[in-house]
**Student:** 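Here it is, the structure, as structure tokens.
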Amino acid sequence: MENMLMFVTLLKFGVCRMKCRSLSIFLSETKSDYVIDNYKTKEEKLIFMKYNKFSYIFIMASLPPMVLTSFLYYFKTVIPSMLMVIANSSYEYKLPYKIKQIPKPYDIKSYTFGCVYQFMSIVMVLSGYVGIDCLLACTGFHLTGQLAILNSRVKEVLVDTNGPRQGIRKMILRHYQLIRLADILEDSFNIVIFLHLVCSTILLCTSSYQMLRSLAVLEKIYILTFIMYVGLLLSTLFGYCYMGECLIEESTNLCEALYHSDWYELSTIDIQSICICMVRARKPLQLTCAKFCVLSLCTFSDIVKTSMAYLSVVRTFM
């Protein structure tokens with residue numbers, strides 16, 4: 001389990017490094033969205049705050065539990081190992097993470113260096129594994145919020161001070177910009193999403209199995225650690241899938257918002273422009289798992305069912 005986490009973390013780092021230019025374009029183009037003067041009505045401000053609050057909830061549901069779980073998993077081995085060696089010098093030092101030890105710790109000094117080295121891996125996991133998840137959640141929910149704000153502005157298109165045609169032009173240009181940003185987000189994170197979903201499927205199975213083994217021997221600290229870790233995996237996975245579901249819903253809601261507007265009062269050319277925009281809005285903006293499947297709440301239920309099916313198989317053979 002430790003090796004898989006480190007491997008996925010390194011892969012996430014590598015993917016984000018390769019996509020740093022496209023991510024910088026996304027962040028630079030969305031920088032102006034955080035200026036409060038861009039939102040004229042109370043409804044727009046509430047929508048903006050709503051989706052940014054989703055990002056905050058995702059971060060608070062991911063980072064603090066991951067920190068606590070990592071420290072519990074780390075110290076549950078360090079402290080007992082030191083106490084056992086102090087009581088009986090014939091015992092071997094056990095490092096927190098199960099990796100090949102070259103060389104093996106033979107005294108308190110080498111053991112301390114080994115623990116410090118593995119403690120650095122916790123920082124790496126927190127910054128790479130959880131940090132990239134939080135970056136995706138913030139950018140994804142922000143994009144979804146901007147689509148929702150665009151939907152709320154449809155009513156104002158027909159009463160634009162420069163005429164409805166100018167208002168339609170602004171709306172189409174903004175819609176095109178958001179589509180381009182969604183494509184950048186999809187291109188930058190589809191491999192990260194794939195890694196996260198595959199890793200979550202395997203880790204849900206293995207962590208649940210470890211938790212069941214700990215229940216059998218009543219190891220309380222192990223039970224607490226694995227319960228927290230499984231809860232963290234499920235909450236992060238649900239946040240991913242809920243973000244994808246919101247993006248699909250808000251991107252297609254533009255078509256409905258345009259349909260319910262007073263489009264019949266416009267000229268023929270303006271109606272044609274709106275029809276073209278509606279046709280494009282019928283195609284949802286999506287985040288995919290390396291182009292294999294779409295990120296949605298259905299994906300969440302499929303992953304959980306697959307993990308529990310693997311767990312049943314593992315319990316049968318073990």
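Hydrogens, waters and symmetry mates are skipped; everything else that's a heavy atom, side chains included, is used.
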**Student:** Suppose we screen for ring pair (Phe, Tyr, Trp, His ring centres under 6.0 Å). Which residues come up paired with Phe189, at least two apart in sequence or across chains?
**Tutor:**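 Here no residue qualifies.
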
**Student:** Which pairs, with at least one residue in residues 273-290 and sequence neighbours excluded, count as a side chain to side chain donor-acceptor pair (under 3.5 Å)?
**Tutor:** Glu186-Thr288

**Student:** Where the side chain of Ser62 meets the backbone of Ile59, is there a donor-acceptor pair that is under 3.5 Å apart?
**Tutor:** no

**Student:** Verify whether the ring centers belonging to Phe54 and Tyr242 lie closer than 6.0 Å.
**Tutor:** yes

**Student:** Please confirm whether the backbone N or O of Leu185 pairs with a side-chain atom of Ser188, one donor and one acceptor, at under 3.5 Å?
**Tutor:**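 Checking the backbone N and O of Leu185 against the side chain of Ser188, no donor-acceptor pair under 3.5 Å is found.
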
**Student:** How about Gln146 and Tyr51: does a side-chain donor come under 3.5 Å of a side-chain acceptor?
**Tutor:** no

**Student:** Do the side-chain N and O atoms of Thr201 and Thr306 include a donor-acceptor pair separated by under 3.5 angstrom?
**Tutor:** no

**Student:** Strictly distance-based, threshold 3.5 Å: is any side-chain N or O of Asn253 a donor or acceptor partner for the main-chain N or O of Asn151?
**Tutor:**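 Answer holds: no.
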
**Student:** For Ser307 versus Ser200, what's the shortest heavy-atom pair and its separation?
**Tutor:**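 Between these two residues, the closest heavy atoms are OG-O, 4.3 Å.
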
**Student:** Judged by modelled atom types alone, do Arg174 and Gln177 share a side-chain donor-acceptor pair under 3.5 Å?
**Tutor:** yes

**Student:** Would you kindly say whether Ser55 and Asn52 are connected by a side-chain donor-acceptor distance under 3.5 Å?
**Tutor:** no

**Student:** Test Thr299 against Asp302 for side chain to side chain donor-acceptor pair (under 3.5 Å), laying out the working first.
**Tutor:** CA-CA 5 Å; Thr299 309; Asp302 290 341; 5.5 Å; no

**Student:** Compare every heavy atom of Ala281 with every heavy atom of Cys255, then report the nearest pair and how far apart it is.
**Tutor:**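 Here Cys255 and Ala281 meet closest at N-CB, 3.7 Å.
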
